[in-house]
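Reviewing the structure listed below.
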Amino acid sequence: MGIKNKDTKDYPSTELLNAFLDNELCAEDRHEIHEILERNASLKKETCELNTIKQLVREAYPEPQAVAEGSRHNWHSSAHKSWTIAASVVLGILVASVWNSVAHRNASETHAQATEQAAAISQAPIVSSKRIVFDLNTADVDSINEMFGEIEYLMNQPSVDGAEYEIHVIAHGEGLSLLQADSSPHPELIRDIRARYDNVTFAACYNTINRLQHEQGIAIKLLPGIIVIDSGVAEVIRRQQSGWAYIRV
Amino acid sequence: MKKLSLILIPLAALLLTPFAAHAGGYAKQKVVYHVNYDNPKRQAGAMRNIQNHINAVGAENLDLKVIMHGKGVSLLKTANTDENFKSKVVSLKSQDINFNVCANTLRGKKINYETDLYDVTEEDIVPSGVAELARLQAEGYSYIKP
């Protein structure tokens, strides 16, 4: 992905883009970045990807409440920035040294910490061996064929204790082409699997669909019966959090 | 700011030194590595990842299995002929790392594990790579695809 325009004036720093996405910029700066993004398609795409990652991180780790109101700064004031960095380094060292001395001094406290950690782990979702998410992010023919082989095998396993396999295929990025009406290498197979097994579902990532529609200027058509989800990666995380086993195709 | 960093960075290094000594302080881990690709560089990288994982956590704290299926089975095929691959596999096995192979793959690709693959016994064969990956996750193993 080569960004042609490396001119610093027209190429905002990563920090600035992050501040933009975090809604930390003042009005003029926001406006300026909007204009730069309109001029530079690949940068716009990168910014969209960065935003997706940020959303996922927010979803996975809820933000702490105590963010001071005054944190919306003007990024032109570099003195402010250096003092913030200096202050956080000092704070980091203080926290580290306090934590350090506590950990060394008191073995039982270390033990308490371990117990706390174990408690946190026990709160993790109970993963079922019968519900499997396939994360499909590739158009590699062999990998896709193998995935179908695995699906057939799993669906033909006799059910133990009445529990049958449930499979959810999440197609995003290059993986989307499998579910596209005009490019899928296996439209019949997908129709056939859907007809035979109620427990197998195929989902397409809207972020990918949207990006391709912008890039190619054409409407993306999916095979019949495909679920559209907001974001492939977010869906993977949601499924894992509700106890689905994960396989990267 | 520069002067400040000159003071702060060594100070930070000094304070953080005891952490380095405690680097091995991981709790026990259960991990499954998934290999279903035949790129030898990527496979060698996976084995390097595993060795680094052992070094960080300590073999005594680690229950680590490698599940190979589809094209990934080629790792043990290569180990049969390539000394470099073989020594890596031997070394990992000596540290209690399990290498498991998918029975579906052996059947589908008509592979005789006794002659075609390096050091595989019946105990190393699992009925299905994917079902085994799901079963292990249900038992609390973390999934890594290097």
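Proteins get letters first, then strands, A, B, ... in listed order; numbering begins at 1 in each. Side chains are part of it too, since the values below use all heavy atoms of this structure and drop only hydrogens, waters and symmetry mates.
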* Asked: Is any residue of residues 88-95 of chain B within less than 4.5 Å of chain A by heavy atoms, and which ones?
  -> none
* Asked: A/D135 and A/Q240: side-chain contact (heavy atoms from CB on, under 4.5 Å), yes or no, with the steps?
  -> CA-CA 11 Å; A/D135 177 359; A/Q240 280 186 291; over 6 Å; no
* Which value, rounded to the nearest 0.5 Å, describes the distance between B/H53 atom NE2 and B/Y33 atom OH? -> 5.0 Å
* Structure fact -> Rounded to the nearest 0.5 angstrom, the CD1-NE2 distance for A/I229 and A/H172 is 8.0 Å
* Do the charged groups of A/E235 and A/R238 touch, with an N to O distance under 4.0 Å? -> yes
* Mind jotting down which residue pairs meet the side-chain hydrogen bond (donor to acceptor under 3.5 Å, both in side chains) criterion with at least one end in residues 74-86 of chain B? Sequence neighbours excluded, please. => B/Q43-B/S74
* Contact origin within A/I132 toward chain B - heavy atom pairs under 4.5 Å -> side chain
* Asked: What part of A/D140 lies closer than 4.5 angstrom to a heavy atom of chain B: side chain, backbone, both or neither?
  -> side chain
* Go through the steps for B/Y113 and B/E122 under the test side-chain contact (heavy atoms from CB on, under 4.5 Å), then give the verdict. => CA-CA 9 Å; B/Y113 67 85; B/E122 211 181 327; 3.8 Å; yes
* **Residue A/Y246 versus chain B: region with a heavy atom under 4.5 Å** => both
* From CA spacing to verdict: side-chain contact (heavy atoms from CB on, under 4.5 Å), A/E146, A/V249 -> CA-CA 9 Å; A/E146 205 189 319; A/V249 178; over 6 Å; no
